[in-house]
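Working notes, beginning with the structure itself.
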Amino acid sequence: MERTFVLAKPDAVQRGLIGEIIKRLEQRGLKLVAAKFLQVSTDLAEQHYAIHKGKPFYEGLIRYICSAPVMAMVWEGPQAVTAVRQTMGATRPTEAAPGTIRHDFGLEVGRNLTHASDSPENAQAEISLWFKPEEMVDWKQSNETWISGNN
Ligand code: IDP
C-alpha cells in the first residue's frame, strides 16, 4: 500500500469543492488516513514549494496557497501516488483530461484546485512536513478486499 499527500487548495475551499474532491478520491477506492483544515503560513508554503523557488510564478504561488484555508489530506491505496495524480489531471486545467478534477472545475494553472505528490519519495517528505505521525489514522476499511485483491 502507498500513501500520498493531497491538498484542496484555497480556490477549491472557497468554491465549496472540498466534498467533491473527497468524493472522487473515495469513489476511486482510496482510503483517507489523515485530514486537517488549516490556514497555511508563509513558512509552510515556502517549505512545501521550495523546489519552485526562483521561478516566475513562485511568489504568486505562495500568495495563492496562503490566501485562504486549505484542506490537507493523506490518502492510501495501491499506487496511490499515480492514481491521485490521474484523478487530479494535468497541471494546466486546459490540458487536463475530461473527467479529471482540474479539467472539470478549472481553467487556469494559477487556480488549479488541488495538489498531489508526484512520487512516493515526495509523498513521504510532504506527509512528514504537513502531519505529525500521531495524526495518521491506521484503520481497516470494510470493503478493502473488493477494491484491491488478486483472487
Ligand atoms: P503540479 O501541482 O501538477 O505538481 P507543478 O509543476 O509542481 O505542478 O507546479 C506546482 C503548482 O505551481 C501548480 O499546481 C500551480 O498551482 C503552480 N504553477 C505551476 N506552473 C505555473 C505557471 O506557469 N503559472 C502559475 N502557476 C503555476
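Whatever order the structure lists ligands and atoms in, that order sets their numbers, starting from 1.
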Using a 4.0 Å heavy-atom cut-off, which part of Leu61 comes near ligand 1: side chain, backbone, both, or neither? side chain
Could you find the nearest protein heavy atom to atom 3 (O) of ligand 1 and give me its residue, atom name and distance? Thr91 OG1, 2.5 Å
Nearest non-hydrogen protein atom, atom 13 (C) of ligand 1: Asn112 ND2, 3.5 Å
Using heavy atoms and a 4.0 Å limit, tell me yes or no: is His52 in contact with ligand 1? yes
Atoms in ligand 1 with a heavy atom of Arg92 nearer than 4.0 Å: 23 (O)
Parallel, tilted or perpendicular: ring planes of His48 versus His115, cut at 30 and 60 degrees: perpendicular
Is the side chain of Ser67 donor-acceptor paired with the backbone N or O of Tyr64 at a distance under 3.5 Å, no angle test? yes
Donor-acceptor pair, Ser117 side chain versus Phe5 backbone, under 3.5 Å? yes
Under the 6.0 Å and 45° cation-pi test, does Lys36 pair with Trp130? no
Using a 3.5 Å distance criterion without hydrogens, assess whether the side chain of Glu2 forms a donor-acceptor pair with backbone atoms of Ala80. yes
When you measure from atom 2 (O) of ligand 1 to every protein heavy atom, which one gives the shortest distance, and what is it? Arg102 NH2, 3.2 Å
Check whether more than 12 heavy atoms from other residues, nucleotides or ligands sit under 6.0 Å from atom CH2 of Trp146, and answer yes or no. no
Option whose closest heavy atom lies nearest to atom 24 (N) of ligand 1, chosen from Val109, Asn122, Leu113: Val109
Can you pull out the closest protein heavy atom to atom 4 (O) of ligand 1? Residue, atom name and distance to 0.1 Å, please. Arg85 NH1, 2.8 Å
Is Lys9 in polar range of ligand 1, meaning some N or O pair under 3.5 Å apart? yes
For atom CD of Glu144, decide whether the heavy atoms of other residues, nucleotides or ligands shown that lie under 6.0 angstrom number more than 12. yes
